[in-house]
2 protein chains.
Amino acid sequence: MRAGVKDVAKRAGVSVGTVSNVLNRPDAVADATRERVEAAMRELDFVRNASARQLRAGQSTAVGAVLLDLSNPFYTALARGIEDRLALDNLTLMVASSDQDPEREERVLQLFAEQGIRGLVITPTKTTKKRLERLDAFGIPSVLLDSQSKRHASVGMDNVSGGRQVVRHLIERGHRRIAYLGGPEHLEQSRDRLAGAVQAVVEAGLNSDEVIVSRWLPGMSADDGQRAFIDVYDGEAAKPTAFFCINDIVALGVQRECRLRGYDMPSRVAVVGYDDVPFASELMTPLTSVRQPTHEIGYAAADLLLSGAGRDVHQVFRPELVIRASSGGPA
Amino acid sequence: MRAGVKDVAKRAGVSVGTVSNVLNRPDAVADATRERVEAAMRELDFVRNASARQLRAGQSTAVGAVLLDLSNPFYTALARGIEDRLALDNLTLMVASSDQDPEREERVLQLFAEQGIRGLVITPTKTTKKRLERLDAFGIPSVLLDSQSKRHASVGMDNVSGGRQVVRHLIERGHRRIAYLGGPEHLEQSRDRLAGAVQAVVEAGLNSDEVIVSRWLPGMSADDGQRAFIDVYDGEAAKPTAFFCINDIVALGVQRECRLRGYDMPSRVAVVGYDDVPFASELMTPLTSVRQPTHEIGYAAADLLLSGAGRDVHQVFRPELVIRASSGGPA
DNA sequence: TTGAAAGCGATACCAC
DNA sequence: GTGGTATCGCTTTCAA
């Protein structure tokens with residue numbers, strides 16, 4: 001049988017109150033008593049029951065994270081950053097992928113709420129924000145990842161800047177017809193990067209309607225990218241000479257199709273990804289991409305959460321364009 | 001304030017017992033009553049308190065997973081498989097990376113034990129197994145990933161077969177000096193794959209001491225791979241013509257160094273990875289690798305856990321060699 | 001500094 | 001089918 005405070009108390013010849021004190025306010029206990037209690041705990045292999053503790057204390061030691069997709073390295077790097085910050089406070093991480101599926105997200109948040117998580121880090125989808133208000137009502141704070149909102153603290157990237165850097169670069173390399181393969185439209189980062197792209201075109205004194213052709217993809221897999229490439233390249237009269245993809249995985253799909261068709265990169269088609277995943281530099285055609293300090297972002301998000309930062313804190317990291325062969329290589 | 005069963009009961013004009021019945025044995029409640037209670041729950045935005053429930057029921061709705069490294073796609077694919085299985089039962093996943101650090105692992109398991117997790121899926125390190133016995137004593141079942149043991153159920157790959165397939169392939173391609181870059185020695189899969197490699201050499205009627213030169217790496221990053229390549233290639237008098245790496249990331253490091261040195265792959269150095277991560281086929285030199293059904297493995301592990309399979313169940317998936325350019329391409 | 005006892009919120013048993 | 005109530009293990013006053 002699992003030993004509880006009672007057993008420990010009996011064994012140490014003290015009351016449960018004292019055992020609890022040893023656990024929670026060790027300084028308030030006489031050294032000798034404390035040592036006796038600690039010995040008893042060791043002998044009995046005492047493990048605190050978090051449920052009981054939480055029930056009484058009203059607070060759990062778990063933090064929840066809802067990420068878009070646990071099989072995408074970008075998000076798992078975030079998870080890792082979050083985890084590392086939590087470890088400092090001996091907190092545990094509950095994770096779930098939302099897959100941008102509102103129902104799945106709903107179920108997960110429900111479960112998290114039941115668990116009484118201490119806080120939530122989430123990459124929100126279109127329908128998320130209302131749900132967060134319900135959590136707020138229960139006193140569970142949230143930090144948004146890669147998305148801003150008046151009502152919640154957030155840590156994110158300057159996606160407008162990212163999109164702008166990419167397209168400015170492509171224009172400098174002479175591209176005048178650029179495809180933007182965004183993720184699902186409801187993703188803020190999708191829209192922001194497009195906004196940045198448009199901005200860069202305008203700044204170059206060009207007409208954005210003529211230069212940019214964009215698509216919202218249903219998902220962000222390599223297959224989605226490949227299909228979108230086919231759709232755009234075969235469907236548009238004015239063929240793009242460059243593809244700017246929402247992430248490196250999608251870009252992988254574009255590269256794959258180019259290779260199948262024997263299109264040279266970058267001379268016939270330039271490709272740019274986003275996230276700069278570790279293998280981007282090792283591809284057959286090394287991929288120009290945008291680097292984001294993912295681990296730091298996750299860490300910062302957890303830190304914001306734990307420090308009880310106000311909902312008006314919005315930390316923004318600046319992305320950095322990494323130019324490789326897929327867009328013509330460094331100047 | 002957060003509404004509890006009491007509030008719901010009052011509002012619905014029933015007793016708390018009935019509310020609990022609606023929650024846990026809906027069939028045992030009259031339809032009319034049930035609807036009334038459900039309405040009350042909705043109106044009050046009732047959220048079950050998992051702590052209280054667990055305390056009483058003695059069982060949590062969380063399952064723990066301790067994975068080697070949350071930033072490695074192989075492990076996150078596992079996580080994803082686990083998560084998908086848990087979702088079926090409305091369970092949540094607590095994850096942590098052990099980084100093969102015994103202390104970190106210890107702390108995490110402690111935390112998980114306190115949480116009263118319903119079960120554990122773990123990629124064990126050298127020191128893990130004792131710790132699991134403590135969990136066993138608390139009635140928390142574990143399933144080992146990628147590792148076998150008499151005392152626990154497991155789901156894994158046949159790593160001996162994987163190693164054997166790789167080296168048989170390399171020998172067929174004429175390689176007679178093969179470097180094996182294993183992960184840390186205490187990892188069972190490291191040792192098993194080497195065993196398989198040796199077996200293949202012996203089966204070919206060759207002397208394994210002459211053919212195979214092996215190293216245990218401290219970690220499994222691209223940098224570790226790169227460093228090990230330098231160590232072996234520059235350090236050994238008989239230069240290997242092929243490198244068999246513990247995973248694709250390590251192989252990436254080897255490829256990187258080859259490229260820096262201008263060594264042609266595969267004519268001067270053949271490279272084989274393991275795991276067949278999604279980008280393996282898209283590398284500058286597409287990487288020969290060993291495919292493992294990661295998602296299925298994770299799913300199966302969670303399934304084993306939830307089905308309460310005995311400790312004598314050892315599910316083994318067979319890996320599949322995928323031959324690409326880095327080892328000379330398909331025959 | 002230590003002990004006794006109330007109570008966190010849901011469950012499950014036993015009456016009715 | 002429904003209601004009353006002891007109980008899970010721990011924390012936290014309050015008194016001694």
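Chain letters run A, B, ... following the sequence lines, proteins first, then strands; residues in each count from 1.
Salt-bridge formation is detected for the pair A:Asp99/B:Arg80: a Lys NZ or Arg NE/NH1/NH2 atom is positioned less than 4.0 Å from an Asp or Glu carboxylate oxygen. Residues B:Asp31 and B:Arg34 are paired through a salt bridge, judged by an N-O separation under 4.0 Å between the basic side chain and the carboxylate. Of the charged side-chain nitrogens involved, at least one lies within less than 4.0 Å of a carboxylate oxygen, so that A:Arg104 and B:Asp84 count as a salt-bridged pair.
Listed pair B:Arg48 / C:dT11 meets the phosphate criterion, a side-chain N or O lying under 4.0 Å from OP1 or OP2. Contact annotation: B:Ser20 does not reach the phosphate of C:dA10 (side-chain N/O to OP1 or OP2, under 4.0 Å). Regarding contacts with the backbone of D:dT2, every side-chain N or O of B:Thr18 stays at 4.0 angstrom or more from both OP1 and OP2.
The closest side-chain donor-acceptor pair between B:Ser147 and B:Glu188 falls under 3.5 angstrom.
Look at CG on A:Asp31: it is 10 Å from P on C:dT2, rounded to the nearest Å.
You'll find that the side chain of A:Val29 is closest to C:dT2, out of C:dT2, C:dA10, D:dT11.
One N or O on the side chain of B:Arg118 and one on the backbone of B:Ser60 form a donor-acceptor pair closer than 3.5 Å.
Note on A:Val19: nothing from the nucleic acid sits closer than 4.0 angstrom, heavy atoms only. B:Thr33 comes within 4.0 angstrom of the backbone, heavy atoms only, and of no base.
Nearest heavy atom pair, residue B:Val143 against residue B:Ser154, reads CG1-CA, 4.1 Å.
In this structure, the salt bridge (Lys or Arg N to Asp or Glu O under 4.0 Å) partners of A:Arg311, at least two apart in sequence or on a different chain, are A:Asp136.
When the C1' atoms of four end pairs are superposed on the next four at each end of the helix from C:dT1-D:dA16 to C:dC16-D:dG1, using five pairs per end, the two resulting axes differ in direction by 30°, to 10°.
Counting heavy atoms of neighbouring residues, nucleotides and ligands inside a 6.0 Å radius, atom NZ of A:Lys129 exceeds 12 of them.
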Between N or O atoms, less than 3.5 Å apart, protein on one side and nucleotides 5-8 of chain C on the other: list the pairs.
{"from": "C:dG7", "atom 1": "N2", "to": "A:Arg56", "atom 2": "NH1", "distance (Å)": "3.3"}
{"from": "C:dG7", "atom 1": "N3", "to": "A:Arg56", "atom 2": "NH1", "distance (Å)": "3.4"}

